[in-house]
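Each residue takes its place number in the sequence, starting with 1. Note: hydrogens, waters and symmetry copies are ignored here, and every other heavy atom, side chains too, is used.
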Amino acid sequence: MSNTPSSLESLRRLPGFVGGLALILLSGWALHFLGYSFVRRLGGNQELNELIGFTLTFTISFGLFIVMERHFWLSRLMGLKHGRSHVIEAGLFWLFGIVWAFVRAAGAEPEDENGSKPASEKQPPQPRDPARESVETIVFVVVLVLLLKLFVTEAFVIPTGSMAETLYGYQKIVTCPKCALEFPVNSHDEVEPGQDGEMRALVGFCCPNCRYNGRFGPDDPRPPNRTGDRVLVLKPLYHLTNPNRGDVVVFKFPDTPQVKHTAQNYIKRAMGFGGETVGIHRGELFTTTALDYPADKIGELDETDDLGNRRQGLLFPRPDDPLELWRPQYMYPNNKAAIDLFEKSRAAGFLETVPGGFQIIRKPDEQMLADRRIVWDNDKQPEELARRGVPSRWYAPKEFADKWTSDDPAKPRTFAHTASDLQWIRYRHLIGAWEGKLEPRPIDNFLGYNAGVERDSGGREASRSGAENFWVGDLVLECEATLGDDAEVVMELSKGTSRFQATFAGGQVTLTRTGPNAGTIASRPCKVRGSGKYQLRFANVDCRLRVWIDGRAIDFGNDADYPATEASQTDPNDRQGEGWYAQNDIDAPASIGAKGAVTVQHIQLHRDIYYTHGQSGQYLYYVQPGHYMCLGDNSAQSSDSRTWGAVPERLLLGKAVFVFFPLDRIGFIK
């Protein structure tokens, strides 16, 4: 059988066509995704890696296709007819890859042996139509944007305050008239009706720094409502990139992914993963993968029959439809097996001495810093309280009073020390100063974003509490210290019956512990050597001590971790067993000590996020395989997996990485 001219021509083109297919075996967005996935796994700053990965791999992959199609080289190689614009053709190859090659091949025209059309088939050149080319370019850009939105990135707006203060929903920015702290207050119910359909105006606030309860009035008009943060979400098949614990993720609400053709998108942190049992205890998160939940296990249920006997049945039932595994009942909250293991772990201080026991989840530094909330900014002390003679929160105790001098005895912002012995200034949490209550209290989980006063359309007012009065022992202390020769600075944070210290002297930072299990924890070289000015930060969060000097973290590895042991004293008012504190946490939750010539100023004290229990005191949850336990940073006011269940992997849209509006909020999401 002889070959026809057309079949011979096809055979001649075959090597070039196969070579072209090899070049576009992966379309450009897939190349971009693979490169991005690799770069984001590099060491160092994860957010910076992701920005570099997204920008660099997108630019390289798209640029590669433009270079390959310049002068229609890629089209010529594959024997395809030429388009009007090599940039548009390159973009279509980038988007559709092999699919576009076959679409083009279907319309290819025969060429002579020199790569041109036979003379008999050549047509006179057609005049260019600028209007048509403009329309084609616009259509191409629109298609490109839509596909980028579908596969690469998309913008979302944050409607509620469940992720405050990492991300804000609708809010008013308030400046406290007493201490001048600027802070956000949730105003969602003023913009959108609540579940009862009622709109509620925000008419009052409570400052998270000085705790002044203020009202908007003629002399202090209500600030305008600001829209929620607008964020960019990376979504290149995100669930295939192995999400990390603590990632801020966007997903479709499992119960109602869409309402009236509108997607119900939620944003939370992924804190629990498939196969884990997650515990919430005293504001911390704990996890284990040692517990098994057999679908056929029979045992006593929490239900009783008419005679008062416990019913027998499946302890860990499964739904008929596997797509329903996300529902809260299949997280088996507070099941007996989990409670037994958790109590054994707790009694052992959550050490590894309990096989398969619960271990504390320690947040990375970036997330920990994003989760901190202001307790007291010493540079923002109310003049009015000083005039009233209210004691300052930072002070030198009587035994050290003659060793320290300050810039203003009534409201000291700067403390100077010259004695050769170690002397202290201490913090006391006087949150009731405006009401004349000067008795120090434990630091609690108050959040100014949640506090305030609302008024409904009928003029009725209701106060919003900013706290559930749980003690928070995870604190972050910051200051600026100016040291003379051979001087020493000690930063101290109390937690329960222990006090943890970071001592800066002689080019070393040393971590120690007083009270139970007293001793040196770890030591590392540092830049605090001789005279100089230093920005110091000391954190005791998630049973891990952390230190920063001039914004750079000191790497202690796991040496600065300590067991999550129990305190010897509990709060009799703590009915849920979550909050606990010792007298240390009232007398001096934070202190700064000095030897030699030291000046301390710009002191700030923050607390960590405090995870509260879910409904009915539930605190143990199983995460089904292929699901995530997603929690809001505003734990006391967040509707999340504690309430409505886990998030199926199939509904995960991507990771929120960047706030691009409002302009004063631009930055990476930690």
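- Salt bridge Asp561/Arg544: present, at least one basic N to carboxylate O contact under 4.0 Å.
- When only modelled atom types and interatomic distance are considered, His602 and Asn378 share no side-chain donor-acceptor pair under 3.5 Å.
- Between Arg524 and Asp555 there is no salt bridge, since no side-chain N of the basic residue sits under 4.0 Å from a carboxylate O of the acidic one.
- Less than 6.0 angstrom separates the ring centroid of Phe350 from the ring centroid of Phe286.
- Salt-bridge annotation for Arg413 and Asp407: absent, with no side-chain N of the basic residue lying under 4.0 Å from a carboxylate O of the acidic one.
- The backbone N or O of Leu477 sits nowhere less than 3.5 Å from a side-chain atom of His606 that would complete a donor-acceptor pair.
- Under 3.5 Å, the side chains of Thr166 and Lys670 contain no donor-acceptor pair of N or O atoms.
- With salt bridges taken as basic N to acidic carboxylate O contacts below 4.0 Å, none links Glu190 and Arg200.
- In this structure, Arg552 places its CZ atom where only 12 or fewer heavy-atom neighbours from other residues, nucleotides or ligands lie under 6.0 Å away.
- With hydrogens and angles disregarded, no donor-acceptor distance shorter than 3.5 Å links the side chain of Asp608 to the backbone of Arg372.
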Can you list the steps and then say if Val453 with Phe216 is a side chain to side chain contact (heavy atoms under 4.5 Å, CB included)?
-> CA-CA 10 Å; Val453 180; Phe216 302 118; over 6 Å; no

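- Atom CG of Asp486 sits in a sparse spot, with 12 or fewer heavy atoms from other residues, nucleotides or ligands closer than 6.0 Å.
- By the 6.0 Å contact criterion, CD on Glu439 is open, its count of non-hydrogen atoms from other residues, nucleotides or ligands being 12 or less.
- By the 6.0 Å and 45° rule, Arg665 stacks over the aromatic ring of Tyr168.
- Between Asp371 and Arg269, at least one side-chain N (NZ, or NE/NH1/NH2) sits under 4.0 Å from a carboxylate O, which counts as a salt bridge.
- Using a cut-off of 4.0 Å between Lys/Arg side-chain N and Asp/Glu carboxylate O, Glu454 and Arg460 are scored as not salt-bridged.
- Without hydrogens or angle criteria, Asp640 side chain to Gly632 main chain gives a donor-acceptor distance under 3.5 Å.
- Remark: Arg546 engages Asp542 in a salt bridge, criterion side-chain N to carboxylate O under 4.0 Å.
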Could you walk me through whether Val472 and Val375 pass the side chain to side chain contact (heavy atoms under 4.5 Å, CB included) check?
-> CA-CA 11 Å; Val472 182; Val375 173; over 6 Å; no

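- Between Phe500 and Tyr562, the ring centre distance stays below 6.0 Å.
- A side-chain N or O of Asn450 and one of Asn634 form a donor-acceptor pair less than 3.5 Å apart.
- In the model, Thr612 has a side-chain atom that pairs as donor or acceptor with a side-chain atom of Arg642 under 3.5 Å.
- Side chain to side chain, Thr599 and Thr482 fail the donor-acceptor criterion of an N or O pair below 3.5 Å.
- Looking only at atom types and distance, the side chain of Arg513 has a donor-acceptor partner in the side chain of Ser498 under 3.5 Å away.
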Begin with the C-alpha distance, continue with both residues' side-chain angles, and end with the deciding distance and a verdict on side chain to side chain contact (heavy atoms under 4.5 Å, CB included) for Lys172 and Asn225.
-> CA-CA 5 Å; Lys172 294 180 183 293; Asn225 288 305; 3.3 Å; yes

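- Between the Asn445 side chain and the Phe470 main chain, a donor and an acceptor come within less than 3.5 Å of each other.
- Comment: Arg607 does not engage Asp474 in a salt bridge, judged by the lack of any side-chain N to carboxylate O separation of less than 4.0 angstrom.
- A cation-pi arrangement is present between Arg428 and Tyr395, with the terminal nitrogen or guanidinium carbon under 6.0 Å from the aromatic centre and inside a 45° cone about the axis.
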